[in-house]
Amino acid sequence: MAEQRYTIPPDNTSLGDGSIILHLDMDCFFAACEVRADPSLKGKPLVIGADPKEGKGRGVVCTASYEARPFGVRSALPISQAYRACPQAIFLPVNGKLYRATSRRIMDIVSKFGRRYEKASVDEMYLDITGLVHTVGEAKEFAQAIKDELMQQEGLTCSIGIGANRKVAKVASDYNKPDGYTIVPESQAKEFFAPLRVKKIPGIGPKSAERLAELGILTVGDIAKKRQNFLLYHFGKYGLWMHDIANGLGSTAVGEEHQIKSISRERTFEIDTSKLSDAYQVVHAMAPYLADEIDDYELHYNTISIKLRFDDFTTFTRAKTLDTPCHDVYTIRRIAWELLKPLLRERRKVRLVGVRISKFEQVTERQMELEQYFTTEARKAYI
Ligand code: TTP
Ligand code: MG
């Protein structure tokens, strides 16, 4: 059965008396940055991710241009499958520096439009625009003004959702992609959600969707209609959360949480390896990316973790929390290797190595100076 489409109500409709939240998500972000850098790629199927090696490549797709999506190519698909589905696509490696620099400029541009803002990922953000717009017509103009500004300054398109809470705004920004916007007044939130499949709500994953389906619950409207006690019985507190969301209630806090929780990198070997030097090289090469990114955010890390997957897919993680926060590359390398080495003793074949830094904190200038000094000392010791 085709899903019933939501239509934005007339321009003079009130958005409601509570908060007004805007969610913005860039369109096929990594691919769009590549097209901007090389306009000859425009209109072509484009896949950003691991090297496909003519179908033998390992690793995954990061994103695909809208021209590649009809072939079933999407984020997280193994790159070998993407190659089989669309061999004529242009496959490009990930240029993290370009995307991060673009992301920062976008956030600068967009944040000026709101009262508060929160960066939610490399290509999405929330704005609290309570009091800045009151009607559907004003919200449309507001969304269009942001889109025009981004197009003018960055040459990129985005999609925007405006609603009475974060969840409505987030689902709305995805509703009319690419290059669209969807405005959902408070009074329409339930109707907007009702026909959507439960998995459309971020926070309801495949497992929950399966359990809901077993109970005959397929759409968000089905959740809204259930009694709270029923959902509490089957899902505990999570059931109550789902009930609230389905009924158009949800968090409106923007920018109150620390936005970025961890930064990680993973690498799948082309061929499973039992050589220690292979694992070491990966850690060595990954560390600067992590350190670079943390510098972009002007944060320090407290915890370093590793992930190790053997050829039979058994996976181990280990973590170490430091006595003092750091931001340098050397500490990442040293600790990650300390954590990895004991696991490699048996010389089993390794499929994947990953490094993560987390428990971030902002640092004062004085701390920065000290850190600088110790980093220089550490570098000397290291070389
Ligand atoms: P998304 O916003 O999920 O995707 P997108 O911007 O490419 O496409 P859409 O138009 O549907 O929003 O993610 C933003 C970027 O994050 C994306 O361009 C690439 C990266 N990414 C990954 O590297 N791996 C992933 O699994 C996902 C989902 C995204
Ligand atoms: Mg996006």
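For ligands, and for the atoms within them, numbers begin at 1 and follow the listed sequence. None of these values were measured; they are calculated from a predicted model.
- With sequence neighbours left out, K177 forms a side-chain contact (heavy atoms from CB on, under 4.5 Å) with D25, D27, Y66, S159, D174.
- Looking only at side-chain heavy atoms (C-beta outward), K275 and R347 stay at 4.5 Å or farther from each other.
- For A31, no nitrogen or oxygen atom sits less than 3.5 Å from a nitrogen or oxygen atom of ligand 1, counting backbone and side chain alike.
- The protein atom (non-hydrogen) at minimum distance from atom 12 (O) of ligand 1 is D25 OD1, 2.9 Å.
- Between the side chains of T303 and T321, at least one donor N or O sits under 3.5 Å from an acceptor N or O.
- If you check which protein heavy atom lies closest to atom 22 (C) of ligand 1, you get C62 O, 3.4 Å.
- Rounding to the nearest 0.5 Å places CZ of R318 at 9.0 Å from CG of L308.
- Using a 3.5 Å distance cut-off with no hydrogens or angles, the side chains of D148 and Q144 do pair a donor with an acceptor.
- Under a 4.0 angstrom heavy-atom cut-off, Y66 registers as being in contact with ligand 1.
- Only one option out of L212, I217, I201 pairs with M242 in a side-chain contact (heavy atoms from CB on, under 4.5 Å); it is L212.
- Protein N/O/S atoms closer than 2.8 Å to the Mg ion (ligand 2): D25 OD1, M26 O, D123 OD2.
- The aromatic rings of Y238 and F235 stand perpendicular to each other, their planes meeting at an angle above 60°, with 30° marking the opposite boundary.
- Ranking protein heavy atoms by distance to atom 7 (O) of ligand 1, first place goes to T63 OG1, 2.4 Å.
- Nearest to atom 25 (C) of ligand 1 among the protein's heavy atoms is S75 CB, 3.6 Å.
- Here M26 has backbone heavy atoms under 4.0 Å from ligand 1, and that is the only part of it that gets that close.
- Closest to atom 13 (O) of ligand 1, if we only count protein heavy atoms, is D123 OD1, 3.9 Å.
- Summary of contacts: the protein heavy atom closest to atom 8 (O) of ligand 1 is R69 NH2, 2.9 Å.
- An N or O contact shorter than 3.5 Å is missing between V122 and ligand 1 by distance.
- Using the six-membered ring where Trp is involved, Y6 and F192 have ring planes that are perpendicular, over 60° apart on the 30 and 60° scheme.
- Of all protein heavy atoms, the one lying nearest to atom 20 (C) of ligand 1 is F30 CZ, 3.5 Å.
- Numbered from 1 in the order shown, with element, the atoms of ligand 1 that lie under 4.0 Å from a heavy atom of F29 read 5 (P), 6 (O), 7 (O), 18 (O).
- Looking at S251 and R166, their side chains never bring a donor and an acceptor atom within 3.5 Å of each other.
- The closest approach between a heavy atom of C28 and any atom of ligand 1 is below 4.0 Å.
- At a cut-off of 3.5 Å, with distance as the only test, no side-chain donor of N95 or E34 sits close to an acceptor on the other residue.
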